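This report refers to the structure that appears directly beneath it.
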Amino acid sequence: MGKNDDHHPLLHTTPEGAVKIPVPSVSVGRESGQARSGMKTAILIWLTLQNSIHTLLIRYSRAREVDAMFVSTVAVWLTEVIKCIICLFLVAQEETPRRFVHALKTQILQQPYDTMKVCIPAMIYIVQNNLFYVAASHLDAATFMITSQLKIFTAAIFTVIILRRSLNRTQWFALAVLFAGVSLVQLQGTKSKEIAGESPFIGFVAVVVACCLSGFAGIYFEKILKGSAPVSLWMRNVQMAVFAIPSSFIAIYMQDAKTVNEYGLLYGFDSIVWLTVLWYGIGGLSVAVCIKYADNIAKNFATSVAIVLSTIGSMFLFDFIPSLTFLLGAALVIFSIFLYSSHQSMVAALGRLRGEIPSTKEAFCL
Ligand code: C5P
């Protein structure tokens, strides 16, 4: 399989940049292409909804006034544990009990080099997840959400560098329009009052570093996932957990040893925090599925639409009246999606003109 196959099931770009569309020889190929396309759309819609709630939850869990504020490093560790349990369960669904143990042995223990490959994104995600909690504690919701969108660019830059996919000028422009649109939407948010001890500078540095790490780890994981080794997505995540669980546990004692020793690991954990942790875990696995069936850039479009939706949601919940800025921002986000995907349609149309594409229905699949 070529490196572009996962990006677009029917488009193959030759090293010279020409588009070559093979006519599917059997209907099974076409059906699986359609099934994959349906899956891609479904996961993008799900990620959009999931993220809308996630963004509100993480900020609410950090900014509300409570007697005991939970330790964020513990939340990150528990998220990793929850993700691992879910992935083990899903791997077990695919195998009989005997083959399940065998699969764990052969694909994790007996392939140390392959397991080590996922060590890099696993470690980076731990640092990134901790930094996002730091950022959410030091920045107001709007600033936090705008600056987190820098990952739109970091993912694109690493797509070009690591995956060697090229983006044309229209697509870069579409990403810039997306960033501008999401930022305008955020301006709709009310300025939350500054909480004692908040340092916007620390928050800003944390979020910028987290975005660079997010872009790199996401693309690196995409490269591993779409590489040649036939390891399932869930097994890849179990491999990641082998590193992520111990290292996130060590991070608790490096950063918050005093609080945890004095009050215990679950200090400040109430139903909202448990919900945030569970939702964060589900979100992480949704990102993994999205990277498999679509890619990191499509994932960022989904999360941007999520921001528009969560702002609209908060209008209903908190009687927000949409400002002109919000409407302009939302329009830009929607426009950027059409702009970015119009490139794919243009490539398909060019291929058709050259007689290389069988039909629109078979070739268009974003
Ligand atoms: O939006 P962003 O790409 O930065 O989000 C990445 C999130 O997805 C992180 O919380 C990371 O732990 C999670 N993730 C995961 N499993 C993967 C890839 C990402 O849990 N295979």
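If you're wondering where the values come from, they're calculated on a predicted model, not measured in any experiment. Both counts, for ligands and for their atoms, begin at 1 and track the order of listing. All values below come from the heavy atoms of this structure, side chains included, with hydrogens, waters and symmetry mates left out.
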What residues join Tyr113 in its hydrophobic cluster, counting side-chain heavy atom gaps under 4.5 Å, either direct or through other members? none

Under 3.5 Å, is there a donor-acceptor pair between the Asn51 and Thr303 side chains? no

If we ignore hydrogens and angles and just use 3.5 Å, is the side chain of [X] paired with the main-chain N or O of [Y] as donor and acceptor?
| X | Y | result |
| --- | --- | --- |
| Gln171 | Asn168 | yes |
| Gln239 | Gln107 | yes |
| Thr115 | Ile108 | yes |

Please walk me through it: do Lys299 and Glu222 pass salt bridge (Lys or Arg N to Asp or Glu O under 4.0 Å)? CA-CA 12 Å; Lys299 182 208 79 184; Glu222 187 174 340; over 6 Å; no

Those protein residues which place at least one heavy atom below 4.0 Å from ligand 1: Lys83, Tyr125, Gln128, Asn129, Lys151, Ser214, Phe221, Asn237, Met240, Tyr280, Gly284, Val287, Ala288, Lys299

